[in-house]
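Since the structure comes first, as structure tokens, the remarks are kept for the end.
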Amino acid sequence: MTNSQVAELLRSIAAAYAIKGGNRFQIAAYETAADSIEHMSGSLQDFWAQGTLDSVPGVGSHLATYLDELFQTGKVRHFEETVKGIPEATFDFLKIPGVGPKTAYKIAEAGVISIADLEKRIQSGYLEKKGFGKKTLQNILRGIEEFRRKSDRILLPLAWETAEGVLNYLRAMPEVKQADSLGSLRRMVATVGDVDLSVASKEPKKVIDFFTRYPEAARVIEAGDKTATIALKSGIRVDLMVQPPEHYGSLLQHFTGSKSHNIALRTYALGIGYSLSEYGVKEEKSGKTISCPTENDLYDLLKMQTPPPELREGTGEIEAALKLQLPRIITTGKIKGDLHTHTVWSDGQNTLAEMVEGAKSLGYEYLAITDHSYPNLDFEKRIFQIEQYNYSKRDIRVIIGLEVNISADSTLQIPDKILQKHEFIIASIHTSFRQPKEQITARLISAIENPYVDMIAHPTGRLLLEREGYEADWEKVFEACVKHDKILEINAFPNRLDLPDNLVRSAVAAGVKLAINTDSHHVSQLSLMPYGVSVARRGWAGEKGIVNTLPWNKVKSILKIN
DNA sequence: GCCGTTTTCGGCCCGACTGTTTTCAGTCG
């Protein structure tokens, strides 16, 4: 059973309690546990197998007992009791935005059996006769529409570029003191839903008006005094919030989130006498509002460090910030080379010389050219070409690399005697993704054990918005990497961002060496590096464990290159 | 049902918006 399946189950139970009028804190406890399980890096089932369920935040003694029963028997008697009397369709309706437990139950009780059926029965007037208000039904229809075109999350770089476009437009306005992105975009989450933006200004109305006239806007969805939403021609929705400069820090903090970071932060603040909201900080004793023009003012007031937005996921950053022990996470400026790129020798679109020019313009000291090991590739000739290049140009070192497939039977696609002639070998899985967890783990470990392999690329094989990564026992993979001193990649390609941030965090904790690479197939893609760095930052990675922050003379000795 | 530099018992984040059961419940971020 996967983490997201368990999370969905727990959310159903929370909804069932809500329908039956249960204790709201108990309901919140189930939801908190669901969130926590969904975001944890390891498999919950593995935690269960090791008897460490209660180390999962939000899982206490009761839930641990239920989960134990779940993993042993596939069901939980208490859960089955809890959902008794609630029609099954109720839980489908919960997937519709705007429909919560109470409404879902009311719809199901009216005899509606599915979302498609719901749509029909609204249009036929059946539900209106059952006592639902007209506007409520219109909203449900809109919710169904949204549910259908759901998954229109977009990749981080697209969201980023979209936001930059609007922000630059807004910043040109003299009334705009400051403009920023918010939410999952500011936290650099791998995929983003809506683009949320904020502006500090004393003239909110003027800013809103200017915003709604953005040239790329297709239509204005809503525009109030302080907030507005537009839909761009690209289909992306952009929300804007405007606050006067004196409380801008509170606004920025509030809408950057995440939800669990904010809950934890406000709980802590209450404990020391402050109530937080997007409008400022209220001192409970005096009742007066303290203004926080910047986020630093706000976190300073709470006597803690300001966590970088990438860390604000409610996974220990508040505790660390209070002890003034936040990690110093990596920045893009520290990257000194790219260890995974392709040229026309395999499926890249640029020549060796063109790729190297691109790397030089980024100020890199070295660049690994790691074409795919197509069996018909003229390995010798390619090696010779790179050697010639290094001989003629001394301003950047080109590493003679190769990316080799790990076959379904755990062998490498190319014999060792060819691998041996290269300076840097990347091994990666490109086929047979559906093998069982044990087999995938064995494939990865067998590649790690090969003495010629230096790095495992895009370790989980996920393609964002397309397919999940394959399952592997990551603890074992990390262990093997440490034992054989091998590198795991953080692939910066927009639809990969792989290792995922939560696994980066476990890998860092396990002491695994990492490298952040673009996997460029075109010279322009070398500039995607910051997205890979953002994944490392979200994984609490410092400069230290990232191999390609090292200067050439150090990398050289790590990779055992002469 | 969880959790502990207020607490192993008694607390548990904050505010906006919407519809409609006109004083609040439901949902969301």
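Remember, it's a predicted structure, so these values are computed and weren't measured experimentally. Just so we're on the same page: letters track the sequence lines, and every chain starts at 1. Any value given below was found using the heavy atoms of this structure, including those in side chains, with hydrogens, waters and symmetry copies removed.
Across the P atoms, B:dC14 and B:dC9 are found 25 Å apart, a figure rounded to whole Å. Spacing between B:dT7 and B:dG11 at atom P, rounded to whole Å, works out to 13 Å. The gap from the P atom of B:dT6 to that of B:dC2 amounts to 23 Å, rounded to the nearest Å. Spacing of P atoms, B:dG26 relative to B:dT21, comes out at 13 Å, to the nearest Å. Rounded to a whole angstrom, the distance from the P atom of B:dC17 to that of B:dC12 is 25 Å. Remark: the separation of the P atoms in B:dT20 and B:dG15 is 26 Å, to the nearest Å.
Scored by the side chain to side chain donor-acceptor pair (under 3.5 Å) test, A:K95 finds A:D92 as partners (sequence neighbours excluded). Residues that satisfy the side chain to side chain donor-acceptor pair (under 3.5 Å) test with A:K437, not counting sequence neighbours, are A:D46. Residues satisfying the side-chain contact (heavy atoms from CB on, under 4.5 Å) test with A:R467, not counting sequence neighbours, are A:F433, A:L463. Remark: A:T460 pairs with A:D498 by the side chain to side chain donor-acceptor pair (under 3.5 Å) rule, at least two apart or across chains. Applying the side chain to side chain donor-acceptor pair (under 3.5 Å) test to A:W540 and every residue at least two apart in sequence or in another chain returns nothing.
In this structure, A:Y66 reaches the sugar-phosphate backbone alone: every heavy-atom distance under 4.0 Å involves primed, P, OP1 or OP2 atoms, never a base. Heavy atoms of A:L270 sit under 4.0 angstrom from primed sugar atoms or phosphate atoms, though from no base atom. Base engagement by A:I263 is indicated by at least one non-hydrogen atom pair under 4.0 Å involving a base atom. Among the protein residues, A:I27 comes within range of no part of the nucleic acid, since none of its heavy atoms lies under 4.0 Å from any strand.
The side chain of A:Y279 has B:dA16 as its nearest neighbour among B:dC14, B:dC12, B:dA16.
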For residues 241-248 of chain A, dump all side-chain donor-acceptor pairs below 3.5 Å to protein atoms at least two apart in sequence or in another chain.
from	atom 1	to	atom 2	distance (Å)
A:Q243	NE2	A:E278	O	2.9
A:H247	ND1	A:Y279	O	3.4
A:Y248	OH	A:D180	OD2	2.7
A:Y248	OH	A:S198	O	3.4
A:Y248	OH	A:S198	OG	2.8

Return all side-chain donor-acceptor pairs below 3.5 angstrom for residues 251-259 of chain A, not counting sequence neighbours, or 'none' if the list is empty.
from	atom 1	to	atom 2	distance (Å)
A:Q253	NE2	A:N262	OD1	3.0
A:Q253	NE2	A:Y299	OH	3.1
A:H254	ND1	A:R266	NH2	3.1
A:T256	OG1	A:R186	NH1	2.7
A:T256	OG1	A:L252	O	2.6
A:S258	OG	A:S260	OG	3.4
A:S258	OG	A:H261	N	3.3
A:S258	OG	A:R312	O	3.0

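A salt bridge is defined here as a Lys NZ or Arg NE, NH1 or NH2 lying under 4.0 Å from an Asp or Glu carboxylate O, and A:R213 with A:D209 meets this definition. Between A:E69 and A:R77 there is no salt bridge, since no side-chain N of the basic residue sits under 4.0 Å from a carboxylate O of the acidic one.
Going from atom NZ of A:K226 over to atom P of B:dA16 covers 8 Å, rounded to whole Å. With rounding to whole Å, A:F79 atom CZ is found 9 Å from B:dG1 atom P. Protein atom OH of A:Y30 is 11 Å distant from nucleotide atom C1' of B:dC2, rounded to whole Å. Remark: P of B:dT7 and CD1 of A:I272 are 16 Å apart, rounded to the nearest angstrom. Computed from coordinates, the A:E31 CD to B:dC2 P distance equals 14 Å when rounded to whole Å. Rounded to a whole Å, the OH atom of A:Y268 is 15 Å from the P atom of B:dC14. The separation between A:I37 atom CD1 and B:dC2 atom P is 11 Å, rounded to whole Å. If you take CG of A:L322 and P of B:dG4, they are 14 Å apart, rounded to a whole angstrom.
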5' to 3', nucleotides 21-29 of chain B under a 4.0 Å protein heavy-atom cut-off (B base, S sugar-phosphate only, - none) gives -----SSS-

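Side-chain atoms of A:D297 come within 3.5 Å of backbone atoms of A:T294 as a donor-acceptor pair (strictly under, hydrogens ignored).
Going from atom CG of A:L167 over to atom OG1 of A:T162 covers 10.5 Å, rounded to the nearest 0.5 Å.
Pairing for B:dT8 is absent, judged as Watson-Crick or G-U wobble with the two contacts each under 3.5 Å.
Shown for residues 50-62 of chain A: residues whose heavy atoms fall under 4.0 angstrom of DNA chain B, namely A:P57, A:G58, A:V59, A:G60, A:S61, A:H62.
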Show each protein N/O and nucleotides 17-20 of chain B N/O combination with a separation under 3.5 Å, one pair to a line.
from	atom 1	to	atom 2	distance (Å)
B:dG19	OP1	A:N139	ND2	3.3
B:dG19	O3'	A:T136	OG1	3.0
B:dT20	OP1	A:G133	N	3.3
B:dT20	OP1	A:T136	OG1	2.9

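For A:T32 and B:dG1, the shortest distance from a side-chain N or O to OP1 or OP2 is not below 4.0 Å.
Applying the salt bridge (charged side-chain N to carboxylate O under 4.0 Å, His left out) definition to pairs two or more places apart or across chains, those involving residues 500-509 of chain A are A:D501-A:R538. A salt bridge (charged side-chain N to carboxylate O under 4.0 Å, His left out) check over residues 52-64 of chain A, counting only residues at least two apart or in different chains, returns nothing.
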